[in-house]
Amino acid sequence: MKAPRGTQDLLPGVTEKWQFVEEKLMEISRNYNYKEIRTPIFEHTELFQRGVGDTTDIVQKEMYTFVDKGDRSLTLRPEGTASVVRSFVEHKLFGSPTQPTKLFYIGPMFRYERPQQGRMRQFVQFGVEALGSADPAIDAEVIGLAMEAYQSLGLKSLKLVINSLGDQTSRESHRQALVDHFSPYKDELCVDCQSRLTKNPLRILDCKKDRDHPAMNTAPSILEYLNEESEKYFIQVQKYLESMNIPYTVDKNLVRGLDYYNHTAFEIMSDAEGFGAITTLSGGGRYNGLVQDLGGPETPGIGFAMSIERLLMALEKENIQLPIKENLDCFVIAMGEEENLLAVKMIKKLREQGIQVDKDYQMKKMKAQFKVADRLNSKFVLVIGETELENNQITIKNMNTGDQVTIDTEQTVDYIKQAIQGE
RNA sequence: GCGAUCAUGGCGAAGUGGUUAACGCACCGGAUUGUGGUUCCGGCACGCGUGGGUUCGAUCCCCACUGGUCGCCCCA
């Protein structure tokens, strides 16, 4: 048996990295005053159809959808925002006296795709949503949080790209302009773009196939169609970013794949060597109509999501070592039955003091047990043999220096405690 | 969904249509009695992704399936 395609087991040796990264992300979230929310891993299919959008690739071809025994159509969540907003509406979090509602989540997402490096069918996203504020400063806060998350782990090769998709009015006039612009060339565009022309002309700008088509360069930019309010908003966001000293570039062709975005859209990419085709580390944006679409009151919102897999990939590409403790405080070696009884008692006492202790359970000989202690990178080895038992003593060997002392059993815990603290 | 490529022990990796499937790492045991990281000696795949087929005979040939990797699409 193998794990299903596009899924992976995280084994000891890498789970430590995940724990470290996840703890870091939670710590940063706390500093920014975002609270954790945990929503179900599956939702009614309709939530994503309405929330993410029927025309998106995610809904059209990437959802893990199934019918349960009660004939309900359910879907393994392909992203986090729709669920968070659903929960926000369902529990009327908009009624809370403290607004905006600042939430973060971390958990598995599912998309049916061809797997490759940095793209799994089950993957983990950390994301943040700020609901209830239309202040451009919060756009900058959310972007800043994402950037800080990467930087705090030591990443350097980062590229922040932002754009504005404008508000509803701006988008509509731009949409019309795009249709007018591309229609004469319809037959020259790829099949996908031909259908995008009617469904979602904005996405044509994103097309890799038609990238070199002459009409591409002259296509109307959304930035030219931003109404006064949208443009002002976008400029404000940039001012805040500059004030926070966060470098960015504006890419007028940045179009996000989900329907709910408007105004601010952004992506963070990695410049690191050898990253392959997939370089987007995280993406997000503003979604002012979404809460209402999902049955809530008119509420602005902004958020982003990042893939932990890709974050870890980026760390590897930049050769960043996470400070993970890879040793054991103490390994206890006991020789006979009586000795083992004493060993077990000592181990319990040591562990109660928060000391990390292990012993052999394979009936190995002393020599082999020392090898194990060495492999576990144990700082100390306690030897309880015949002689020690007789004298009510324990031999303690410092594995780094090779020094060895024999002391009374009663003093052992204190001795180890001090030795470890004194490091 | 499309294209390319690959699939040998815990890991890395050679190899051939036919008696014992290299090698390296790891692991296990030993080099005199209770002490590690070095060295030396020895051990370690009735098995070559799964299922069919061709053949006197296949790990090496053919087909299907499954999975990995890379690219396209798209994204996180």
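For clarity, every value in this text was computed on a predicted model and none was experimentally measured. Order of the sequence lines sets the chain letters (A, B, ...), proteins ahead of strands, with each chain counted from 1. Only heavy atoms go into these numbers, but all of them, side chains included; no hydrogens, no water, no symmetry mates.
Here A/Gly385 lies in heavy-atom contact (under 4.0 Å) with a base. Here A/Gly6 lies in heavy-atom contact (under 4.0 Å) with sugar-phosphate atoms only. Using a 4.0 Å heavy-atom cutoff across all strands shown, A/Val381 reaches no nucleic acid atom at all. Note on A/Ser282: only backbone sugar-phosphate atoms sit closer than 4.0 angstrom, heavy atoms only; bases stay farther off. Contact annotation for A/Ala373: no contact, since no heavy-atom pair falls under 4.0 Å across all strands. Looking at heavy-atom distances under 4.0 Å, A/Met109 makes no contact with the nucleic acid at all. At the heavy-atom level, A/Arg310 lies under 4.0 Å from base atoms of the strands shown. Across all strands, A/Gln369 comes closer than 4.0 Å to no nucleic acid atom at all (heavy-atom distances). Contact annotation for A/Arg119: base contact, defined as any heavy-atom pair under 4.0 Å involving a base atom. Here A/Gly402 lies in heavy-atom contact (under 4.0 Å) with a base. Among the atoms of the strands shown, base atoms are found under 4.0 Å from some heavy atom of A/Glu113. Using a 4.0 Å heavy-atom criterion, one finds that A/Met366 contacts the bases of the nucleic acid, with or without backbone contacts as well. Within 4.0 Å (heavy atoms only), A/Gln60 reaches no atom of the nucleic acid at all. Within the 4.0 angstrom heavy-atom criterion, only backbone atoms of the sugar-phosphate kind lie near A/Leu281; the bases stay farther away.
Rounded to a whole Å, the CE atom of A/Met63 is 15 Å from the P atom of B/A76. Here the P atom of nucleotide B/A76 and the CZ atom of A/Phe266 are 11 Å apart, to the nearest Å.
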Give every donor-acceptor pair under 3.5 Å between a side-chain atom in residues 43-54 of chain A and any protein atom, sequence neighbours left out.
{"from": "A/Glu43", "atom 1": "OE1", "to": "A/Arg86", "atom 2": "NH1", "distance (Å)": "2.9"}
{"from": "A/Glu43", "atom 1": "OE2", "to": "A/Ser83", "atom 2": "OG", "distance (Å)": "3.3"}
{"from": "A/Glu43", "atom 1": "OE2", "to": "A/Arg86", "atom 2": "NH1", "distance (Å)": "2.5"}
{"from": "A/Thr45", "atom 1": "OG1", "to": "A/Ser73", "atom 2": "O", "distance (Å)": "3.1"}
{"from": "A/Thr45", "atom 1": "OG1", "to": "A/Ser73", "atom 2": "OG", "distance (Å)": "2.7"}
{"from": "A/Thr45", "atom 1": "OG1", "to": "A/Leu74", "atom 2": "N", "distance (Å)": "3.4"}
{"from": "A/Thr45", "atom 1": "OG1", "to": "A/Leu74", "atom 2": "O", "distance (Å)": "3.4"}
{"from": "A/Thr45", "atom 1": "OG1", "to": "A/Thr75", "atom 2": "OG1", "distance (Å)": "2.7"}
{"from": "A/Glu46", "atom 1": "OE2", "to": "A/Arg50", "atom 2": "NH1", "distance (Å)": "3.2"}
{"from": "A/Arg50", "atom 1": "NH2", "to": "A/Asp293", "atom 2": "O", "distance (Å)": "2.8"}

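Straight-line distance between the P atoms of B/C65 and B/C27: roughly 41 Å, to the nearest whole Å.
Remark: A/Lys359 qualifies as a cation-pi partner of A/Tyr361 under the 6.0 Å distance and 45° angle criteria applied to the six-membered ring.
Here B/G30 is the nucleotide among B/G30, B/C73, B/U35 with the atom lying nearest to any side-chain atom of A/Lys365. Of the candidate nucleotides B/A76, B/G34, B/C73, B/A76 has the atom nearest to the side chain of A/Ser307. Of the listed nucleotides (B/A76, B/U35, B/C74), B/U35 has the atom at the smallest distance from the side chain of A/Phe370.
At a cut-off of 3.5 angstrom, the base of B/U35 holds at least one donor-acceptor pair with the side chain of A/Gln404. With hydrogens and angles left out, the side chain of A/Lys371 and the base of B/G37 share no donor-acceptor pair within 3.5 Å. No N or O donor and acceptor, one from the side chain of A/Lys367 and one from the base of B/U35, sit under 3.5 Å apart.
Mapping A/Lys364 and A/Met306 onto RNA chain B via the closest heavy atom, the residue that lands nearer the 5' end is A/Lys364.
Between the side chains of A/Glu27 and A/Asn31, no donor N or O sits under 3.5 Å from an acceptor N or O. Residues A/Ser170 and A/Ser230 bring a donor and an acceptor atom of their side chains to less than 3.5 Å of each other.
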When Watson-Crick pairs (N1 to N3 and N6-O4 or O6-N4) and G-U wobble pairs (N1-O2 and O6-N3) count only below 3.5 Å on both distances, what is the dot-bracket string of RNA chain B, with | for other-strand pairs?
(((((((..(((.....[....))).(((((.......))))).....(((((..]....))))))))))))....

Which atom pairs link the protein and nucleotides 9-11 of chain B when you take only N or O atoms and keep those under 3.5 Å?
none

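For the pair A/Glu22 and A/Lys24, the salt-bridge criterion is not met [side-chain N within less than 4.0 Å of a carboxylate O]. Salt bridge present: A/Glu141 and A/Lys102 bring a charged side-chain N and a carboxylate O closer than 4.0 Å.
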